[in-house]
Amino acid sequence: MPAPVDRRLLRESRAARTQLLIAGLLGTFTAVLVVAQAVLLAYVISAAAMRAATVGSLRPELIALAAVLLARAAVAAGFELSGRWGALRVMSGLRGRLAHRVLAEGLGVGGAGDAGRGGQGGRDGEAIDRSGELAAAAVQGVDALEAYFAGYLPQFVLAALVPLAVLGWVLVLDPLAAAILAFTVPLLILFMILIGRGAQARTRRRWQTLALLSAHFLDVVRGLPTLRTYRRDGIQEATLAEVGERYRAETMGTLRIAFLSALVLELCAMIGTALVAATIGVQLVEGVLGLQAGLTVLLLAPELYGPLRQVGQQFHASADGTAAAERIFEVLERPSVLAPASVAVPAPTPDPRCESIRFRDVGFAYPGVRGPVLAGVDFELAPGELTALVGPSGAGKSTLAALLMRLADPTSGAIECGGRNLRELDLDHWRAQIAWVPQDPTLFAGTVAQNIALGDPGAGGERVERAARAAGALELIEGLPAGFDTVLGDGARRLSAGQCRRIALARAFLRDTPLLVLDEPTAHLDETSAVAIAHALTRLAQGRTVLSIVHHRALAARSARTLELCDGRLVHAPAAEAVAA
């Protein structure tokens, strides 16, 4: 049986506590105004019918009735506005938490490189998320929660307050009608629960199908050149059509349940109102009930069922959001691979002249994944020295680099700088002292200058140009249509792998940090590009402590020391010639 209010979503609504309090107060006013409207309207009708009262004699009551109607409209508008205001705050906070978890602690969510083992294909652990599915949850899923926070939760407040006020007033006027209403309300709620169970299961399947469609479509777009080369694009079109048809079928099934729910709720409300009307009619004929009291009860009966019907409608409207919330909370509640620092002290500078970085019996395993990625890794990065790290794919090299950058923390052992455990250091301060040149650098939508300035957002044009010259990228950039102002990214200029890495090198030169992490920056490049980047890296490494994941002869030959990692453990240090081979 679905819970009327999801506890996790209710916890998220604390960010909008003020708005929910306002909604509660306005809901109370609404309940009072509903009763007042029925009482005034019944008095005016009965006075006109029984005493043939004129408009002039009923002026005070008519003015009061108009004031109640205006107040009810104003309260309804404020009720909706406070709900939407609170929904925006909650949605912004939830999306921010999701983005922080995916980006700031991203090793466990499609992280950095070859950390996975046992056929993970270079992806990190069991907790790999398909980016298309995450994008659907972060954008469409969070947007769909607006109906929950702006519609369902506030309406749930009304559904609790208005029926109580109505039943209490009717009980005073006509106990028999109150008994009928009190009997039909639980039946209405029971039907809502039964239909809600089916709707929840159907909506969950619909959302899963949408997530699958989003993820598969993104995979196809990314791999379109490969699919065209192997003439498999037609098959993918058929697959997308099949998933799209499944999504259509699930959507139509969800709509059928929603329409069935509306029909059942309207039928129950109509039957309840008809029973009350029949009871009032009999009592009026027998003279047991006065006309004003009977009209008041008759006018209040629909007001009793109205909020309950609205709750059912809002439940279906918010079903997509609650289904997406399950995926969002799955990511947010996943055990973190990055532990918060107990005491966030400023990080010591890994000064090339004195401070060394020590890996002490370091081990790492992903949550929920059998077997460690790293085990018993123990070595030291000497100050100002270039240390090369080699090993087969999947050995854990990129995971080791990620641990050094504190994209995750070791599950055993410790990494120390200047004798202090990295867990104890201020995270932002530590990362500010690291420059990273990955194997597949990302160029964001923006100009070449903006992409280079990612290394130091406050850098001016002269510094950006010097960094590009030092990285050997100046000639490349000057050959672009608009030079440093050339726009890169999707839908704009695209660069080759070697050109992208030169831009990434320029970022690292601009960042000018004492610690440098290189993750196979010359992999899959032609000999000329690899040698050019190797020379630039040699200039960049001067006077810095460097950990370099290498496969290429030009880089391995320039390292002061070479370590070999195999199955997550350090083995013998091979000769440079053997590594290069």
Side-chain angles (χ1 to χ4, degrees), residues 103 106-107 110-114 122 386 388-389 397-398 400-402 404-405 407 431-459 461 463-480 483-490 492-542 544-552 554-555 558-559:
L103 297 176
L107 187 63
D114 67 0
L386 194 160
L389 185 64
K397 304 185 299 298
S398 292
L400 199 65
L404 178 59
M405 294 184 288
L407 297 177
R431 288 180 179 170
Q433 302 180 66
I434 303 173
W436 179 39
V437 181
Q439 178 178 343
D440 297 309
T442 300
L443 298 186
F444 297 94
T447 66
V448 173
Q450 289 171 339
N451 271 277
I452 295 176
L454 191 68
D456 185 356
R463 287 187 57 200
V464 170
E465 185 175 341
R466 285 200 302 269
R469 181 180 291 107
L474 187 59
E475 183 178 352
L476 155 69
I477 296 171
E478 290 178 342
L480 296 176
F484 283 92
D485 294 326
T486 301
V487 178
L488 306 176
D490 288 340
R493 182 83 182 193
R494 291 182 178 271
L495 301 181
S496 67
Q499 291 171 332
C500 289
R501 292 180 198 180
R502 293 196 186 192
I503 300 297
L505 274 175
R507 283 178 187 167
F509 271 105
L510 184 65
R511 194 164 176 81
D512 192 21
T513 56
L515 179 58
L516 178 62
V517 179
L518 309 174
D519 190 353
E520 302 186 18
T522 62
H524 313 304
L525 296 181
D526 60 86
E527 189 69 21
T528 303
S529 298
V531 170
I533 288 180
H535 284 302
L537 287 172
T538 301
R539 295 193 300 272
L540 178 60
Q542 289 177 359
R544 292 178 170 85
T545 302
V546 183
L547 176 65
S548 177
I549 299 172
V550 296
H551 276 172
H552 198 273
L555 287 181
R558 288 172 171 78
S559 62

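- Residues satisfying the side-chain contact (heavy atoms from CB on, under 4.5 Å) test with L454, not counting sequence neighbours, are F444, R507.
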### Message
One pair to check against side chain to side chain contact (heavy atoms under 4.5 Å, CB included): V517 and V437. What are the steps and the verdict?
### Response
CA-CA 6 Å; V517 179; V437 181; over 6 Å; no
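- With sequence neighbours excluded, the residues that form a side-chain contact (heavy atoms from CB on, under 4.5 Å) with A536 are L505, R539.
- Contact record, L547 with L389: CD1-CB, 4.2 Å, taken as the closest heavy-atom pair.
- Residues I477 and A468 come closest through the heavy atom pair CD1-CB, 3.8 Å.
- When side chains are defined from C-beta on, Q433 does not count as touching L515, because their heavy atoms never get closer than 4.5 Å.
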### Message
Pair I503, I452 - check side chain to side chain contact (heavy atoms under 4.5 Å, CB included), show working.
### Response
CA-CA 6 Å; I503 300 297; I452 295 176; 4.0 Å; yes
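- When every heavy atom of M405 is checked against every heavy atom of R431, the shortest pair comes out as O-NE, 3.4 Å.
- Pairs passing the side chain to side chain donor-acceptor pair (under 3.5 Å) check and including a residue from residues 509-518, sequence neighbours excluded, read D512-R544.
- For the side-chain contact (heavy atoms from CB on, under 4.5 Å) test, residues two or more places apart in sequence or in another chain that qualify with P441 are P438, C500, R501, A504.
- Here the side chains of D440 and D519 are not in contact, with every heavy-atom distance at 4.5 Å or above.
- For R502, there are no side chain to side chain donor-acceptor pair (under 3.5 Å) partners two or more places apart in sequence or in a different chain.
- Nearest heavy atoms, A541 versus V546: CB-CG2, 3.7 Å.
- Residues that satisfy the side-chain contact (heavy atoms from CB on, under 4.5 Å) test with E465, not counting sequence neighbours, are R469, L474, F484.
- Side chains of V448 and V487 form no contact here, defined as non-hydrogen atoms less than 4.5 Å apart.
- If you check the side chains of T447 and D485, you find no donor sitting under 3.5 Å from an acceptor.
- Among all heavy-atom pairs drawn from L510 and A453, the shortest one is CD2-CA, 3.6 Å.
- The shortest side-chain heavy-atom distance between L516 and T545 does not fall under the 4.5 Å cut-off.
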